[in-house]
Amino acid sequence: MSWLKRVCEQETSSLLKTRDAGQSETSMSPGLTGKYDQARREKAGEHQPPPPPEYMGLEGEYDQLGLAKRVAEAFEQAPHIDEIETLQICQDGNTIVLKGSVSSQDILNALEDVAAKVDGTKGVDTTEVTIAA
């Protein structure tokens with residue numbers, strides 16, 4: 001099963017965000033690493049209004065789970081991360097929430113590191129992940 005199939009069906013926040021046409025400069029910041037995904041941002045710029053980074057889909061379109069899907073895509077492309085069928089990728093606004101279990105803290109740290117590098121990620125919550133020995 002691919003990482004994309006383990007993206008939660010909806011945002012985890014009880015108050016789902018609505019699309020805001022007037023994005024502030026801070027909401028358009030790149031995220032934790034300070035690096036933009038230029039190609040995807042260009043695609044997003046073709047839409048009016050352009051979606052904020054956390055809602056940019058895989059092709060730059062508005063997607064309520066865009067950030068989670070892009071994190072799943074990053075996990076797929078990371079050679080040092082194997083598929084972990086006991087883990088889900090959820091999204092709460094601009095925060096990635098990982099849920100489930102992994103076999104070691106090293107694997108969790110690697111997942112956290114990759115998720116933090118995705119444009120638009122402002123936080124990675126791993127409080128719902130257990131380390132299964």
Side-chain angles (χ1 to χ4, degrees):
M1 177 187 305
S2 77
W3 280 107
L4 275 172
K5 292 182 180 174
R6 286 190 296 281
V7 171
C8 293
E9 293 296 316
Q10 64 183 20
E11 270 193 295
T12 58
S13 176
S14 58
L15 298 172
L16 292 178
K17 283 96 180 146
T18 57
R19 190 172 184 181
D20 182 7
Q23 298 302 317
S24 70
E25 193 60 36
T26 57
S27 70
M28 295 304 286
S29 66
L32 292 173
T33 62
K35 294 182 181 176
Y36 292 101
D37 181 340
Q38 290 300 95
R40 197 161 274 135
R41 292 241 179 175
E42 285 178 20
K43 288 180 184 178
E46 296 171 3
H47 302 277
Q48 292 302 320
E54 63 269 26
Y55 298 123
M56 281 190 308
L58 295 174
E59 297 299 321
E61 78 284 7
Y62 179 86
D63 185 339
Q64 192 79 23
L65 297 171
L67 180 59
K69 290 177 181 177
R70 289 183 288 117
V71 167
E73 180 182 64
F75 285 172
E76 294 274 355
Q77 295 173 358
H80 60 288
I81 295 177
D82 294 325
E83 284 191 30
I84 302 166
E85 295 192 23
T86 55
L87 197 70
Q88 275 193 306
I89 306 164
C90 302
Q91 177 177 340
D92 186 1
N94 54 20
T95 300
I96 290 299
V97 180
L98 300 177
K99 297 179 179 184
S101 64
V102 295
S103 59
S104 74
Q105 185 64 47
D106 289 340
I107 291 171
L108 183 57
N109 292 343
L111 292 165
E112 215 173 341
D113 185 51
V114 170
K117 291 179 182 174
V118 174
D119 186 2
T121 301
K122 299 287 184 164
V124 181
D125 180 355
T126 61
T127 58
E128 296 185 51
V129 178
T130 58
I131 308 296

Quiz item: With sequence neighbours excluded, what pairs up with E61 under the salt bridge (charged side-chain N to carboxylate O under 4.0 Å, His left out) test?
Solution: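 Expected list: none.
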
Distance-only check: which donor-acceptor pairs under 3.5 Å involve side-chain atoms of residues 125-133, not counting sequence neighbours?
from : atom 1 : to   : atom 2 : distance (Å)
D125 : OD1    : T127 : N      : 2.8
D125 : OD1    : T127 : OG1    : 2.7

Practice problem: For V114 and H80, run side-chain contact (heavy atoms from CB on, under 4.5 Å): C-alpha distance rounded to whole Å, both residues' side-chain angles, the deciding distance at 0.1 Å, then the answer. | Solution: CA-CA 10 Å; V114 170; H80 60 288; 4.0 Å; yes

Practice problem: Can you measure from CD (E54) to CD (Q64) and round to the nearest 0.5 angstrom? | Solution: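 Output value for this atom pair is 9.5 Å.
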
Exercise. Starting from the C-alpha separation in whole Å, work towards a yes-or-no answer on side-chain contact (heavy atoms from CB on, under 4.5 Å) for L4 and K69.
Key: CA-CA 6 Å; L4 275 172; K69 290 177 181 177; 3.9 Å; yes

Exercise. Please assess K117 against D113 for the test salt bridge (charged side-chain N to carboxylate O under 4.0 Å, His left out), listing each intermediate value before the final yes or no.
Key: CA-CA 7 Å; K117 291 179 182 174; D113 185 51; 3.3 Å; yes

Quiz item: Does the E112 side chain pair with the main chain of L98, one donor and one acceptor, at a distance under 3.5 Å?
Solution: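 Checking the backbone N and O of L98 against the side chain of E112, no donor-acceptor pair under 3.5 Å is found.
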
Quiz item: Judged by atom type as modelled, is there a donor-acceptor pair below 3.5 Å linking the side chain of R6 to the main-chain atoms of E85?
Solution: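 No.
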
Tell me the closest heavy-atom pair linking [X] and [Y], and the distance in Å.
{"X": "L65", "Y": "C8", "value": "CD1-O, 3.0 Å"}
{"X": "A68", "Y": "V7", "value": "CB-CG1, 3.7 Å"}
{"X": "F75", "Y": "L111", "value": "CE2-O, 3.4 Å"}
{"X": "P51", "Y": "A44", "value": "CD-O, 3.7 Å"}
{"X": "Q91", "Y": "G66", "value": "OE1-N, 3.6 Å"}
{"X": "R70", "Y": "G57", "value": "CD-O, 3.9 Å"}

Self-check item: side-chain contact (heavy atoms from CB on, under 4.5 Å) evaluation trace for W3 with Q77
Solution: CA-CA 10 Å; W3 280 107; Q77 295 173 358; over 6 Å; no

For a 4.5 angstrom cut-off between non-hydrogen side-chain atoms, does [X] reach [Y]?
{"X": "V124", "Y": "V71", "answer": "no"}
{"X": "I96", "Y": "V118", "answer": "no"}
{"X": "M56", "Y": "D63", "answer": "no"}

Self-check item: Residues which pass side-chain hydrogen bond (donor to acceptor under 3.5 Å, both in side chains) with E42, listed by chain and number, not counting sequence neighbours
Solution: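 E42 satisfies side-chain hydrogen bond (donor to acceptor under 3.5 Å, both in side chains) with no residue once adjacent residues are dropped.
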
